[in-house]
Amino acid sequence: CSSYLFKEGSIMKKVLLLFCLVIISACSNGQLSTSAVMDISKDKNTIKYPPAGGLISINDLQKDLKELISLLDSVHPDPGFTMDVAEVKYQIKKLATEITAPMTHLDAWKFFSQLNPYFQDGHMVISYPEFAKDLNHHIDNDGRIFPVKVRIDKSHHIYVTDVQHIDEGIKVGDKIVAINGIEASEIVKDILSRMHGDTVNNRLALISERFANMYWLLYGDTGDYQIDIKENRESKRYSVIGSKKKVGDINPKIGDFVQRALLDNGIGYLRIDRFYYAPEHENAYFDFMKTSWQEFHEANVQDVIIDVRNNPGGTDHYWQQGIAPYVANKPFSFLSQFKMRLTERNLRLGPLKGELGSIAEGPFAPLVPITTQNKLRIPGKAYLLMGSLSYSSTILFLTALQDSKQAVIAGQSSGARSCTTGRIETSHLSGSQLEITLPTLIFTRPSGKDTCHQPIKPDIFIFDDPSNPAMAVAELAKSIISRR
């Protein structure tokens, strides 16, 4: 989350795509048909795991945990804002006592990442370093990853959300009860115990989005994946070839992240999937936005839906300059208070000055500037459609426009706090070289701290079905018309 004053990057990339081949088996009594079941026993030598890396000594692992406590005390502006500090430090010390042998790089991540849920922050995480590089190398060497896009509900059930490129068999909405013979509940438990996020609901949303990645890290790649589906009383097993989708597109285009459309009844639609762009895409983003507002003006659009359901954040100038001037009718605040640790990086970026390591905090007075004379400003209202992955700068975008009454918030809450952390810094623990990311800034929404630890409450609740994203847009359009 950032602004013209506070700048940081918060990157969450989509890496799940379906690329499957299905072999169908069936049964009639609720049990798997033994005649159709394929052998799910996998020789460990045939499973392609992430690189194990070299051995890390007991002493170095224990030093890393002490270093983690030091980072909490010296980099984070206020750990108690997101987490139970005493509990986190207890868990860190507990892990230190459980280290009885050297660990590989991968095993160290599996062990240390058990702390992630205790941080209770989507901006604080112990990560497997160079994940994208290792996964792409795995794909280049005939590796694959779990191919089915899923969502995980509050009961930890796994459901299929997309069947694109899959032959007849697995359907949208099917419940996955096992993968390669491992019960779905056990898989979700293993992943959830290592996932970061503000709340359990926030972590479940992130697991759904990153399921293929986390599955590879914990269970490796079997090439084909034997997926047990249960629908009503019928159970079937499908053998599905893994996906060869790499992390990140080689040559992404601005159209991969943004979209516009003219809906019926004078409603414009914008989908913005991120507020961070590579330098070569920044001008393309602002050109796209300017053209969008011009087209909406020429088409006599009255109201606009801005879809940020899949937007994990970035830096604020993308929405402050590309969206706010066209939907707001007066300058508005996007923060009421801030609290920042003055790290070397923050002192270098400015504008605040002070003693290295000290805390700067206080009210935040600057307003998001809005020019009163803007012929492209929509005459009606902006409806901001949020979802389970709306986070970071997107939280600031939503709360700033909601608290200033410059827009209407619709959709479902992500489960994240409505006061977010930000301006993250990533370093490596000295012994294991695992990545550790911490926030250095805490933002308080314009309306104040009273609701900071609660999720954003939408003005209009719209149910969001990941398997049919267009449905929420259609429902919101109906609501807009009824409110005119």
Side-chain angles (χ1 to χ4, degrees), residues 1-3 5-6 8 10 12 76-84 117 119-124 154 196-206 272 275 306-316 318-320 323-324 327-328 332-340 361-364 366-368 382-424 439-462 464:
C1 317
S2 72
S3 70
L5 178 57
F6 301 127
E8 63 111 346
S10 173
M12 299 180 181
H76 201 296
D78 182 3
F81 177 77
T82 64
M83 68 189 80
D84 182 334
F119 301 144
Q120 297 180 63
D121 189 355
H123 282 135
M124 184 166 180
K154 293 180 181 180
H196 64 302
D198 291 14
T199 63
V200 172
N201 287 344
N202 188 211
R203 292 193 283 278
L204 287 172
L206 293 176
I272 312 294
F275 288 135
I306 301 176
D307 187 346
V308 291
R309 286 176 292 175
N310 295 313
N311 191 325
T315 56
D316 302 322
Y318 288 108
W319 62 263
Q320 290 180 357
I323 299 176
V327 301
F332 61 94
S333 173
F334 80 106
L335 297 176
S336 60
Q337 301 276 333
F338 73 94
K339 190 172 188 177
M340 176 190 284
E361 61 181 317
F364 189 84
L367 302 178
V368 177
Y383 293 81
L384 313 184
L385 184 58
M386 67 177 180
S388 61
L389 295 174
S390 302
Y391 195 68
S392 192
S393 180
T394 307
I395 296 290
L396 294 179
F397 170 59
L398 294 165
T399 54
L401 288 162
Q402 183 180 53
D403 290 353
S404 63
K405 303 187 186 308
Q406 300 293 306
V408 179
I409 309 302
Q412 291 182 233
S413 171
S414 65
R417 281 180 295 272
S418 63
C419 293
T420 186
T421 58
R423 216 183 223 193
I424 58 173
T440 65
L441 183 57
I442 296 171
F443 303 92
T444 302
R445 64 186 296 175
S447 61
K449 64 181 181 180
D450 289 349
T451 60
C452 265
H453 289 85
Q454 300 174 18
I456 298 173
K457 184 178 180 180
D459 303 306
I460 305 172
F461 177 82
I462 300 288
D464 186 18

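The first residue of the sequence shown is numbered 1, and numbering continues consecutively from there.
- In terms of modelled atom types and a separation under 3.5 Å, the side chain of Ser392 and the main chain of Thr394 share no donor-acceptor contact.
- With Ser418 contributing its side chain and Thr451 its backbone, the two residues share a donor-acceptor pair below 3.5 Å.
- Side chain of Gln337 to main chain of Thr444: no donor-acceptor pair is present (N/O by atom type, distance under 3.5 Å, no hydrogens or angles).
- Using a distance-only test at 3.5 Å, with no hydrogens or angles considered, no donor-acceptor pair links the side chain of Tyr391 to the main chain of Ala416.
- Taking every heavy atom of both residues into account, Pro77 and Pro439 meet most closely at CD-O, 3.2 Å.
- For the side chain to side chain donor-acceptor pair (under 3.5 Å) test with Thr421, the passing option among Thr82, Asp198, Asp78, Asp121 is Asp121; the others fail.
- Judged by distance alone, with hydrogens and angles left aside, the side-chain atoms of Asp459 form a donor-acceptor pair with the main-chain N or O of Ile409 at under 3.5 Å.
- Judged as a ring-ring contact (aromatic ring centres under 6.0 Å, His included), and not counting sequence neighbours, Phe332 has no contacts.
- Looking at residues two or more places apart in sequence or on another chain, you find a side chain to side chain donor-acceptor pair (under 3.5 Å) between Thr440 and Asn346.
- Taking all atoms of both residues into account, the shortest heavy-atom contact from Cys452 to Arg417 is O-CB, 3.4 Å.
- For the atom pair Asn310 CG and Asp464 CG, the distance stands at 8.0 Å (nearest 0.5 Å).
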**Q.** Trace of the side-chain contact (heavy atoms from CB on, under 4.5 Å) decision for Tyr383 with Ile462
**A.** CA-CA 12 Å; Tyr383 293 81; Ile462 300 288; over 6 Å; no
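- When all heavy atoms of Ser333 and Pro446 are compared, the closest pair comes out as O-CG, 3.5 Å.
- Considering all non-hydrogen atoms of both residues, Met340 and Leu441 come closest at CB-CD1, 3.5 Å.
- A distance of 9.0 Å separates CG of Asn201 from OG of Ser414, quoted to the nearest 0.5 Å.
- The closest donor-acceptor contact from the side chain of Gln402 to the backbone of Lys457 lies under 3.5 Å.
- At a threshold of 4.5 Å between non-hydrogen side-chain atoms, the residues Gln412 and Pro458 do not count as touching.
- At least one side-chain heavy atom of Leu389 sits under 4.5 Å from a side-chain heavy atom of Leu206.
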Q: Could you give me the CA-CA distance, side-chain angles and deciding distance for Ser413 and Met386, then say whether side-chain contact (heavy atoms from CB on, under 4.5 Å) is met?
A: CA-CA 7 Å; Ser413 171; Met386 67 177 180; 4.3 Å; yes
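- Taking each heavy atom of Gln120 and Asp84 in turn, the nearest pair found is NE2-N, 4.0 Å.
- Not a single donor-acceptor pair under 3.5 Å links the side chain of Asn202 to the backbone N or O of Gly197.
- A donor-acceptor pair under 3.5 Å is formed between the side chain of Thr199 and the backbone N or O of Gly415.
- Exactly one of Phe364, Phe397, Phe443 qualifies for a ring pair (Phe, Tyr, Trp, His ring centres under 6.0 Å) with Phe334. That residue is Phe364.
- Thr399 approaches Leu396 most closely through the heavy-atom pair OG1-O, 3.4 Å.
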